[in-house]
Participant: 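Sharing a structure here in structure tokens format.
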Amino acid sequence: MATEKHGGEQHSPLEQFEIKELVPIEIAGNNISFSNSALMMVITITLILMLMILGTRKRAMIPGRWQALAELCYEFVANLIRDTVGNEGRKYFPFIFALFMFILIGNMLGMVPYSFTFTSHIAVTFAMAMVVFTGVTILGFAKHGIRFFTFFVPPGVPIWMWPLMIPIEIISYLSRPVSLAMRLFANMLAGHTLLKVFAGFVPALGAAGILPLAFVGALTGLELLIAFLQAYVFAILTCLYIDDALHLH
Amino acid sequence: MPQLEQIHTYLGQIFWLFVTFGLLYIVLWKAALPRVSTILQERQERIDEDLRKAEEFKQEADDAIAAYEKLVAEARSQAQTVIRETNVALAADAAARQDALTVRIKADVAEAEARIDKARTEALANIQTVAVEVAQAATIRLIGKDIPTDNAEAAVAAAMRERG
């Protein structure tokens, strides 16, 4: 890691992930400075709220462009929840919608040159994953009480297998937030690093730099797809976890 | 890697994540999503209402068409009846005239035949008189002898009987 950073290159591909404190804030000895990451979060929620509130301002019976986009997002997430959780999932719709849009717009804004991708930081993705994990676990216990533990006993498994299966189930349950956080973080990190590395080849290769340039162009398209896909995966996995907590298998 | 090296920024990142995401969640939950939901619901209701109305109008149109077709069928059957009755009446009239005409023609034919018979009888009578005169004239020329009218008449009548 350190060798990469000081490896002689003027711009490390990882430099883009650096947190820069814009407004230093410290409360009771805790550093909660307003950074470039926080700025992107503020821009993200501003864009989402502008779309959802200003876009639907006219409440038109026949939607205009922005209202159609807002309705498209709404129905996309609504269908996602209906397909995975069913009608009981309506209660969790605002949360899933906020989560999906926050990650989607965060990822997309990260594709803008010289911007910052807050979802490429493990601290942020892990915090989100832990919120989902804790919320779903509380939901499971609130719904089923002590019976929630039966979730760790796979149905149809003979009793002598239980000592083996129950620890596996518990470990797989506890690894959910880790996989959820790592998936988003690693995808964003790898994609952006790759883009930066190949972009670095363009000036280095001179006239042949057209090749890495073309590759960067194609890769940008792929990254846009991944930006959407990861937001979708995060949202759909959260739905599936909620479904598990509600229905226990 | 800054993600793992800048540990002192973790708290700030998470703090601002919770602040921004919390704000986003609350505004979406309380204001934005209910509004979109209302818009979609109102549109759905409007569409359902319009479909229901369209169904009603279609029903009305179907009823009107059925009434119209019934009317046309009635008119047609009435027209058929009138045509049939008229045909019957015309046929009867024609037959009556035909009969009257036939009677008149027969009467005319009978009258004409009677006239023809009379004419022929007269003609035959005339022929006898002329024949008698011709016979007398011929006798004078041939033998220079005048025969009495009675004898000539008897001879002509005998000759005519002979020839039929």
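Quick caveat, the model's predicted, so the values are computed rather than measured. In the text below, chain A, chain B and the rest are named by the order of the sequence lines, each starting its count at 1.
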Participant: Quick check on the structure: residues of residues 33-45 of chain B within a heavy-atom distance below 4.5 Å of chain A, by number.
Facilitator: B:L33, B:R35, B:V36, B:S37, B:I39, B:L40, B:E42, B:R43
Participant: Chain B: which of A:T56, A:V42, A:I19, A:V124 shares the most heavy-atom pairs with it under 4.5 Å?
Facilitator: A:I19
Participant: Would you give the length of the straight line joining atom CG of B:L4 to atom NE2 of A:H121, rounded to the nearest 0.5 angstrom?
Facilitator: 9.5 Å
Participant: Quick one: are B:P2 and A:L14 in side-chain contact, heavy atoms under 4.5 Å?
Facilitator: yes
Participant: Would B:I14 and A:I32 count as a side chain to side chain contact (heavy atoms under 4.5 Å, CB included) if you check the C-alpha gap in whole Å, the side-chain angles of each, and the deciding distance to 0.1 Å?
Facilitator: CA-CA 9 Å; B:I14 294 167; A:I32 52 165; over 6 Å; no
Participant: Please flag which part of A:S37 lies under 4.5 Å from any non-hydrogen atom of chain B: side chain, backbone, both or neither.
Facilitator: side chain
Participant: For the interface with chain B, which of A:A70, A:P63, A:A60 has the highest count of heavy-atom pairs at distances below 4.5 Å?
Facilitator: A:P63
Participant: Does the side chain of B:L11 come within less than 4.5 Å of A:N31's, by heavy atoms?
Facilitator: no
Participant: If we define contacts as heavy-atom pairs under 4.5 Å, which of A:E21, A:M52, A:M128, A:M41 has the most with chain B?
Facilitator: A:M41
Participant: Do any of residues 179-187 of chain A come closer than 4.5 Å to chain B, heavy atom to heavy atom, and if so which ones, in number order?
Facilitator: A:F185
Participant: For a side chain to side chain contact (heavy atoms under 4.5 Å, CB included) check, start with the C-alpha distance between B:W16 and A:I25, then their side-chain angles and the critical distance, and finish with the verdict.
Facilitator: CA-CA 12 Å; B:W16 287 104; A:I25 302 171; 3.9 Å; yes
Participant: If you count every heavy atom of other residues, nucleotides or ligands that lies below 6.0 Å from A:I62 atom CD1, does the total exceed 12?
Facilitator: no
Participant: Within this structure, what is the CG-OG1 distance for the pair B:L17 and A:T119, rounded to the nearest 0.5 Å?
Facilitator: 11.0 Å
Participant: Can you check side chain to side chain contact (heavy atoms under 4.5 Å, CB included) on B:F21 and A:V131, steps first, answer last?
Facilitator: CA-CA 11 Å; B:F21 187 79; A:V131 168; 5.9 Å; no
Participant: Can you name the residues that form a ring-ring contact (aromatic ring centres under 6.0 Å, His included) with B:W29, not counting sequence neighbours?
Facilitator: B:Y25
Participant: Examine whether an atom of A:A78 lies under 4.5 Å from a heavy atom of chain B, and if so say whether it belongs to the side chain, the backbone or both; otherwise answer neither.
Facilitator: neither
Participant: Are more than 12 heavy atoms from other residues, nucleotides or ligands located less than 6.0 Å from atom CD of B:E49?
Facilitator: yes
Participant: With rounding to the nearest 0.5 angstrom, report the OG1 to CD distance, B:T9 to A:E18.
Facilitator: 10.0 Å
Participant: Select one option (side chain, backbone, both, neither) describing which atoms of A:S120 are under 4.5 Å from chain B's heavy atoms.
Facilitator: both
Participant: Mark yes when over 12 heavy atoms from residues, nucleotides or ligands other than A:R59 sit less than 6.0 Å from its CZ; otherwise mark no.
Facilitator: yes
Participant: Count the heavy atoms of every other residue, nucleotide or ligand shown that sit under 6.0 Å from CD of B:E55, and state whether that count exceeds 12.
Facilitator: no
Participant: Where on A:I53 is there a heavy atom nearer than 4.5 Å to chain B: the side chain, the backbone, both, or neither?
Facilitator: both
Participant: By a 4.5 Å heavy-atom criterion (distance strictly below it), what part of B:Q6 contacts chain A: side chain, backbone, both, or neither?
Facilitator: side chain
Participant: Chain B heavy atoms under 4.5 Å from A:E75: which part of the residue, side chain, backbone, both or neither?
Facilitator: side chain
Participant: With a 4.5 angstrom heavy-atom cut-off, could you sort out which part of A:F95 is near chain B: side chain, backbone, both or neither?
Facilitator: both
Participant: For chain B, which candidate among A:T44, A:I48, A:L49 shows the most heavy-atom pairs at distances under 4.5 Å?
Facilitator: A:L49
Participant: Considering heavy atoms only, which positions within residues 96-103 of chain A lie below 4.5 Å of chain B?
Facilitator: A:F97, A:A98, A:L99, A:F102
Participant: If you count heavy-atom pairs under 4.5 Å between each of A:T46, A:N30, A:I45, A:I122 and chain B, which one has the most?
Facilitator: A:I45
